[in-house]
Amino acid sequence: MNRNSLPNIMEKKLAYYMQLPYTFIIQPYKDEDEYYYIGKILELDGCMTDGATREEALINLREAMEGWIETKLENGFDIPEPVTESNASGKFTLRLPKSLHHQLSLDAKREGVSLNQYALYKLAQ
C-alpha cells in the first residue's frame, strides 16, 4: 500500500462512521447567567460540544464527531459503533446480595408473579 492511498482509506472509514446512527444527546444548560445547550454522543466518550441553540449545538456536535473520529483513526484507535436494539438480547445477569434476592423472591410470591416478572416491574418504575 502506498502513502497516497492512506488518506482515501481514512476518508472511507470516516464516511462510514459518520453515517452510523449514533445516540446524540442535546440538553439545555444554565451556568450562572448563561443559558446554552450541551451536546454529546453517548457512544463516543469525550465527544461533546455546546451551542447557543439546539440547532447550533447539533451542528457543532457533527463537527466535533468528525474531528473525534478523525483523531482516533489517525492514531489507530478503535471507534465504538452505535448501541442499537439489535445488539440487545433482552437478558443480562445481575449479581445481588442473598438478602436482597430473598426479599425480592418473597415480594414476587406475595404478588403472585415470577421473580423475573417482579424484577422487570421494579426496574420499569
Side-chain angles (χ1 to χ4, degrees):
M1 180 183 321
N2 67 37
R3 293 185 69 71
N4 292 336
S5 65
L6 283 177
N8 281 342
I9 292 171
M10 292 270 293
E11 287 172 25
K12 285 180 184 177
K13 283 188 174 187
L14 177 61
Y16 167 75
Y17 287 109
M18 290 298 292
Q19 58 83 34
L20 292 178
Y22 285 100
T23 309
F24 285 56
I25 299 172
I26 309 260
Q27 296 177 304
Y29 192 79
K30 184 167 174 34
D31 183 13
E32 295 177 17
D33 296 331
E34 236 181 319
Y35 190 80
Y36 54 96
Y37 292 84
I38 298 213
K40 60 185 172 181
I41 299 176
L42 185 63
E43 298 89 350
L44 306 180
D45 190 34
C47 183
M48 58 189 306
T49 190
D50 62 30
T53 64
R54 275 186 197 279
E55 295 75 20
E56 183 180 316
L58 182 59
I59 290 166
N60 292 346
L61 191 54
R62 296 273 316 156
E63 290 175 11
M65 177 184 175
E66 187 172 341
W68 191 97
I69 292 170
E70 280 179 339
T71 301
K72 295 293 183 182
L73 288 172
E74 286 170 3
N75 291 290
F77 290 100
D78 289 333
I79 311 293
E81 297 218 357
V83 176
T84 62
E85 281 190 37
S86 64
N87 298 103
S89 68
K91 297 189 291 185
F92 70 96
T93 301
L94 178 65
R95 305 229 183 269
L96 55 145
K98 289 179 182 180
S99 59
L100 179 57
H101 187 184
H102 177 72
Q103 184 62 51
L104 290 170
S105 296
L106 291 174
D107 293 344
K109 186 172 185 129
R110 187 178 64 244
E111 293 292 326
V113 297
S114 70
L115 177 57
N116 188 61
Q117 288 173 314
Y118 188 72
L120 181 60
Y121 164 74
K122 294 300 271 185
L123 284 170
Q125 287 184 325

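Residue indices begin at 1 and follow the sequence shown.
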**Asked** Is Ile25 reachable from Ile69 through a run of hydrophobic residues whose side-chain heavy atoms are each under 4.5 Å from the next?
**Response** no

**Asked** Does one hydrophobic cluster hold both Leu120 and Val113, with members joined at side-chain heavy-atom distances below 4.5 Å?
**Response** no

**Message:** On a heavy-atom basis, which atom in Gly46 and which in Trp68 lie closest, and how many Å separate them?
**Reply:** C-NE1, 4.1 Å

**Asked** Any side-chain heavy atom of Phe77 within less than 4.5 Å of one from Thr71?
**Response** no

**Prompt:** Between atom CG of Leu42 and atom CE of Met48, what is the distance when rounded to the nearest 0.5 Å?
**Reply:** 12.0 Å

**Asked** Rounded to the nearest 0.5 Å, how far does CG of Asn60 lie from CD of Glu55?
**Response** 11.5 Å

**Message:** If you compare all heavy atoms of Pro82 against all heavy atoms of Pro21, which two are closest, and at what distance to 0.1 Å?
**Reply:** CB-O, 3.3 Å

**Message:** What's the separation between atom CE in Met18 and atom CD in Glu70, rounded to the nearest 0.5 Å?
**Reply:** 8.5 Å

**Item:** Approximate separation, where rounding is to 0.5 Å, of Leu106 CG and Glu111 CD
**Value:** 12.0 Å

**Asked** In chain order, what residues pass the side-chain contact (heavy atoms from CB on, under 4.5 Å) check against Asn116, with sequence neighbours excluded?
**Response** Ser114

**Asked** What's the spacing between Glu81 CD and Leu44 CG if we round to 0.5 Å?
**Response** 10.5 Å

**Asked** Tyr16, Ile79: one ILVMFWY side-chain cluster at the under-4.5 Å cut-off?
**Response** yes

**Distance, nearest 0.5 Å, that separates NZ of Lys122 from CG of Leu115** = 12.5 Å

**Request:** Please list all pairs passing the side-chain hydrogen bond (donor to acceptor under 3.5 Å, both in side chains) test where one or both residues lie in residues 17-40, with sequence neighbours left out.
**Result:** Thr23-Glu43

**Request:** Check whether more than 12 heavy atoms from other residues, nucleotides or ligands sit under 6.0 Å from atom CG of Asn75, and answer yes or no.
**Result:** yes

**Prompt:** Pick from Thr49, Asp50, Leu61, Ile38: which one makes a side chain to side chain contact (heavy atoms under 4.5 Å, CB included) with Ile26?
**Reply:** Leu61

**Message:** Let's go through Tyr121 and Gln117 carefully: what are the C-alpha distance in whole Å and the side-chain angles of both, what is the deciding distance for side-chain hydrogen bond (donor to acceptor under 3.5 Å, both in side chains) to 0.1 Å, and is it a yes or a no?
**Reply:** CA-CA 6 Å; Tyr121 164 74; Gln117 288 173 314; over 6 Å; no

